[in-house]
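In what follows, a single structure is set out as structure tokens and then discussed.
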Amino acid sequence: MNRINGWIFDVYADEQGLVVWVIDTAGVAHQLRDTVAPSFFVFGSHADLHAVCVMLSAAHLPVRLRRAERHDLFLRRDLTLLEVQVLRPLLFASIFARVRTFRPALTYYNADLSPAQFYYFEKGLFPLAYCEIQTNAAGWINALEVKDSCWDLEYRLPPLRTMSVRLAGQAANPTHEFRGELEIHTEDRVCVLDTSDPRELLRTLNRLLQKYDPDLLISEYGDSFILPQLIQLANRYGMHLPLNRDPKQAPLSRQAYSYASYGRIVYRSASHLLFGRWHIDLHNAFRMGDYWLDGIFELARLTGLNVQKVARTSTGTGISAIEAATAYRRKILIPYYKREAEDFKSAGELILTDKGGLTYRPIVGLHENVAEIDFVSMYPFIMAKFNISPETINCPCCHNSVVPDIGYSICTHQRGLIPESLEPLVAKRIRYKLGAKELAAGPRQEIYRQRSQAIKGLLVTCFGYTGYKNARFGKIEAHEAITAYGRAVLIQAKEIVEDHGFDVLHLLIDSLWIKKRNSHDDEYPPLLAEITEKTGVPIALEGVYDWVAFLPAREHEKIGVPNRYFGVFRNGAIKTRGIELRRGDTAPWIKAVQQQAIDVLSVAHTRKEFFDQVPQVIDLIRERLAELRAQQVDYHDLALTYRLTRDPQAYRHNTLNAVVARQLSQRGVHLHPGESIRYVITDAQARDPHARARPVDLMDASYGYDVEKYAELLLRAMATILQPAGIDQEQIEQKVAQTPTQPWVWQIPLDWFAPVNPCKSAKAD
DNA sequence: AAAGTACGGGG
DNA sequence: GTGTACGTACTTT
């Protein structure tokens with residue numbers, strides 16, 4: 001008998017049951033065995049269920065069939081169903097598929113969970129859990145004790161050996177390129193392998209894998225390019241390539257696909273998962289809040305999804321898995337797919353309920369001494385506090401019409417599935433945030449930040465998921481109730497701050513920007529405490545701005561645009577939203593100059609000082625434009641990045657994007673919706689559309705860039721920044737043309753607090 | 001003028 | 001395997 005103390009590394013099904021990889025405290029990987037017999041459930045007429053039983057028995061499949069009683073959340077009652085227990089976990093998906101093909105119209109439950117998930121549920125386990133394990137001589141697990149909790153802030157992780165693989169000397173997507181050298185990093189050295197000699201390449205790689213036996217293979221474009229290339233080469237030359245640690249398995253590849261998410265198309269390249277070893281592609285990892293391994297490990301522990309999977313899927317899948325785990329624990333049926341229609345609503349109700357988050361247009365202009373106050377995790381907090389869940393909204397037992405505006409009722413008898421899943425997550429995130437504040441800046445704090453970001457991703461999608469028609473536990477009425485509470489809470493906060501004499505300059509879903517003449521920073525803590533107390537939802541001070549500029553719409557200088565502003569806090573920190581430098585489609589050089597301009601303005605503490613800085617910004621623009629005109633700017637810094645929303649041939653207009661996408665297509669680069677392109681504008685006015693822009697990957701320094709086009713883009717970005725000073729693009733151009741900037745009088749905008757008859761102009765030196 | 005196309009958020 | 005909705009900015013036709 002063997003004892004192993006270590007961390008659960010990977011779990012998957014194979015012919016003999018389950019493979020459980022454990023890494024012990026010395027860093028040694030153990031391939032252990034166990035098994036699980038998961039069940040799915042079928043609901044339907046007696047005759048249909050009988051037919052399913054007959055079919056399964058006749059096929060001699062390894063199943064155990066029985067009658068079971070389980071609760072359906074949406075029907076709100078216990079059902080009598082057929083339980084199909086699959087004795088060999090590897091066959092779970094195929095046996096389910098067979099039944100579903102046989103009787104597609106029946107209702108299925110617990111059918112789309114993986115064997116690993118069932119195993120984790122049954123054993124109270126999760127990925128990377130620390131355990132004490134006893135096995136027999138053949139590696140079968142006899143006893144397993146979990147010595148870890150996924151709710152702990154402090155936990156140890158296994159010592160991991162890491163190897164990374166990338167193509168030498170380039171950051172661009174290699175499907176846009178056609179050759180390269182392979183760079184392999186291990187802990188103590190870097191190998192550069194020439195791809196022109198595939199046999200030697202494979203031999204060396206083979207040796208490195210054997211010698212270092214990495215737990216984690218980190219790649220750049222390994223999913224889309226490097227791993228498929230290597231596997232293809234190994235097949236062509238009939239050579240062995242031990243990418244997997246489990247010698248019986250071939251790497252699991254998954255087709256590339258495009259899907260819509262966050263209102264845009266995302267391209268997921270093919271993925272290559274390994275067995276007994278993790279492969280994570282830096283460029284194919286889903287990282288909502290810019291976290292990396294520490295965030296991914298936290299997600300794996302919390303969601304119960306394996307590391308390689310959680311690294312690649314959206315947080316929606318993660319929150320869905322957490323909800324499924326809660327349901328499993330409570331013996332609630334987990335719907336196979338969502339088929340709930342919205343409850344009937346009259347037209348009038350639709351208008352009321354469909355409003356979403358509350359937004360006011362900001363009061364345009366440059367404002368001094370503005371406080372920004374934000375509700376903390378507003379929607380998740382509302383869901384947890386007010387017990388909002390698909391089964392608690394308009395439940396049959398309660399008629400309290402408590403939801404503001406829309407009058408839905410919420411169950412007071414039973415804790416909802418979503419609140420129950422959410423509450424510990426909200427609490428853990430707060431503990432991480434508080435913990436990070438107490439820690440000194442350093443690696444530990446960075447780990448806390450990443451984990452907190454990862455949980456934030458779960459919380460944000462949890463709200464969105466309630467309104468998503470295909471979510472397992474989604475229900476649009478729950479979504480509406482959340483936003484209705486959100487609006488009520490925000491309005492309440494607005495009234496409270498106004499009672500204290502503040503003006504609300506801007507208001508956006510869970511944030512308010514407020515100011516009062518001669519307000520003092522000491523006023524905010526009691527104000528926040530009062531709002532928190534009266535609304536029941538915690539609110540915090542994001543900061544007090546020395547100045548903040550709310551920008552108008554381009555077409556109407558008096559009409560503000562939500563979430564388009566820039567400002568400087570008391571501590572000197574700059575915050576910008578919606579302006580060019582925040583956008584992914586702005587050239588890096590334009591972003592950099594806009595940032596420099598804001599840096600120049602950020603030394604100002606008042607409106608007056610802001611205006612005083614304007615001539616310096618003009619000087620900056622003049623210098624940068626001179627560099628541009630002298631063709632001194634590196635073309636990489638002028639590259640525009642765009643995400644394609646359709647196939648290159650499907651574009652109807654000759655936009656630069658379409659032109660570039662087709663150029664790449666002609667060069668054999670197959671682009672899909674959701675993939676990005678990068679290009680430089682070479683001659684925007686050219687007759688021949690193809691001469692207008694050039695993909696960065698097909699560019700070199702011999703191609704010039706379109707000076708006037710980039711000058712125009714720069715001036716536009718600068719006009720955004722100087723608009724609050726009352727200066728438009730034309731004035732900027734005029735001033736830039738004069739050297740040096742001469743004393744200058746222009747009409748500055750009125751102060752929000754200014755008397756009716758203000759002085760009309762100011763002089764800046 | 002109308003239609004087509006893309007971005008935002010988080011830090 | 002997959003969060004929605006929508007306002008804004010800009011280009012092409």
Side-chain angles (χ1 to χ4, degrees), chain A residues 112 114 254-268 270-271 286-291 295 305 309 312-320 337-338 354-357 359 361 377 379 446 449-450 452-474 476 479-480 483 508-511 551-556 559-564 573-580 582-586 640-646 650-659 661 673-674 676-677 681 684-685 689 692-693 709 712-713 716-717 720:
Chain A
D112 50 4
S114 69
R254 178 151 276 151
Q255 282 287 306
Y257 61 98
S258 299
Y259 65 94
S261 164
Y262 268 80
R264 72 171 169 217
I265 309 286
V266 179
Y267 176 73
R268 280 244 162 274
S271 65
F286 190 96
R287 291 182 290 155
M288 189 157 186
D290 196 27
Y291 48 80
L305 298 172
K309 184 182 170 86
R312 287 175 176 80
T313 56
S314 82
T315 43
T317 311
I319 198 70
S320 194
Y337 63 92
K338 185 61 186 53
D354 223 26
K355 280 193 300 198
T359 301
R361 287 185 177 276
S377 293
Y379 286 156
E446 168 60 16
R449 191 198 63 78
Q450 285 198 31
S452 159
Q453 279 301 306
I455 299 174
K456 180 173 192 164
L458 289 175
L459 296 179
V460 168
T461 13
C462 184
F463 159 68
Y465 240 50
T466 61
Y468 175 44
K469 62 181 182 306
N470 292 326
R472 275 197 197 115
F473 296 110
I476 195 67
H479 195 267
E480 292 163 356
T483 55
L508 191 73
I509 303 170
D510 57 359
S511 309
L551 298 169
R554 286 249 198 258
E555 296 299 314
H556 313 274
I559 296 183
V561 177
N563 221 15
R564 190 170 154 84
I574 294 167
K575 183 165 178 177
T576 63
R577 287 295 179 270
I579 64 174
E580 286 80 358
R582 298 282 301 186
R583 295 177 63 103
D585 57 356
T586 305
L640 308 179
T641 305
Y642 284 92
R643 200 182 288 274
L644 301 179
T645 55
R646 61 209 71 205
Y651 282 93
R652 282 183 277 189
H653 286 173
N654 265 331
T655 58
L656 294 180
N657 285 4
V659 165
S676 299
I677 52 170
I681 302 175
Q685 303 296 320
R692 290 175 193 163
K709 184 66 188 177
E712 166 71 22
L713 292 174
R716 203 184 284 162
T720 301

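Note that these values count all heavy atoms, side chains included, but never hydrogens, waters or copies made by symmetry. Computed from a predicted model, the values in this text were never measured in an experiment. Naming: A, B, ... by sequence-line order, numbering from 1 per chain.
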Let's see if you can work this out: which of dG11(B), dT5(B), dT12(C) has an atom nearest to the side-chain heavy atoms of R692(A)? dT12(C)
Using atom CD1 of I455(A) as one end and atom C1' of dG10(B) as the other, report the distance to the nearest whole Å. 15 Å
For the pair made of CG in L508(A) and P in dG8(B), what is the distance, rounded to whole Å? 16 Å
Looking only at the side chain of R449(A) (C-beta and beyond, no hydrogens), which of the listed nucleotides dG11(B), dT12(C), dG9(B) gets closest? dG11(B)
Out of dG9(B), dT5(B), dT13(C), which has the shortest distance to the side chain of N563(A)? dG9(B)
Once side-chain contact (heavy atoms from CB on, under 4.5 Å) is applied, do any residues pair with A684(A), and if so which ones, sequence neighbours excluded? I681(A), D706(A), K709(A)
Test side-chain contact (heavy atoms from CB on, under 4.5 Å) applied to I559(A) - qualifying residues, sequence neighbours left out: R361(A), H556(A)
From the candidates dG11(B), dG4(B), dA9(C), the one with an atom nearest any side-chain atom of Q453(A) is dG11(B)
Once pairs are restricted to Watson-Crick or G-U wobble with both distances under 3.5 Å, how does DNA chain C read as a dot-bracket string, [ ] for crossings and | for other-strand pairs? .....||||||||
OP1 or OP2 of dT8(C) under 4.0 Å from side-chain N/O of R361(A): yes
Hey, is the main chain of L551(A) close enough, under 3.5 Å, to the side chain of R564(A) for a donor-acceptor pair? no
If you measure from CZ on R582(A) to NZ on K575(A), what distance do you get to the nearest 0.5 Å? 8.5 Å
Given dT5(B), dC7(B), dT12(C), identify the nucleotide with an atom nearest to the side chain of N654(A). dT12(C)
Is any side-chain N or O of R652(A) closer than 4.0 Å to OP1 or OP2 of dA3(B)? no
side-chain contact (heavy atoms from CB on, under 4.5 Å) against R583(A), all qualifying residues, sequence neighbours excluded: D585(A), T586(A)
Would you kindly give the CG-to-P distance between L656(A) and dT11(C), to the nearest whole Å? 9 Å
Whole angstrom is fine here: how far is it from CG in L644(A) over to P in dT5(B)? 11 Å
Non-neighbouring partners of S511(A) that pass side chain to side chain donor-acceptor pair (under 3.5 Å), sequence neighbours left out: D374(A)
Interatomic distance, D585(A) CG vs dT8(C) C1' [rounded to whole Å]: 12 Å
Looking only at heavy atoms, the pair that brings G295(A) and A454(A) closest together is O-CB, 3.6 Å
Roughly, in whole Å, what's the span from CZ in R643(A) to C1' in dG8(B)? 12 Å
Taking the side chain of R577(A) as its heavy atoms from C-beta onward, which of dT11(C), dC7(B), dG10(B) lies nearest to it? dG10(B)
Q450(A) CD to dG11(B) P, straight-line distance once rounded to whole Å: 14 Å
What interatomic distance, in whole Å, is found between C1' of dG7(C) and the corresponding atom of dG9(B)? 15 Å
Spacing between D510(A) atom CG and dG9(B) atom C1', to the nearest angstrom: 11 Å
For L459(A), check side-chain contact (heavy atoms from CB on, under 4.5 Å) against everything at least two apart and list the hits. S377(A), P380(A), L422(A), L425(A), V426(A), R429(A), I455(A)
Closest to the V561(A) side chain: dA9(C), dC7(B), dG1(C)? dA9(C)
Look at K709(A) and dT11(C) and indicate whether a side-chain polar atom (N or O) is within less than 4.0 Å of OP1 or OP2. yes
Check whether any side-chain nitrogen or oxygen of K456(A) sits under 4.0 Å from OP1 or OP2 of dG11(B), and answer yes or no. yes
Under 3.5 Å, is there an N or O donor on one side and an acceptor on the other linking the side chain of R582(A) and the base of dG11(B)? yes
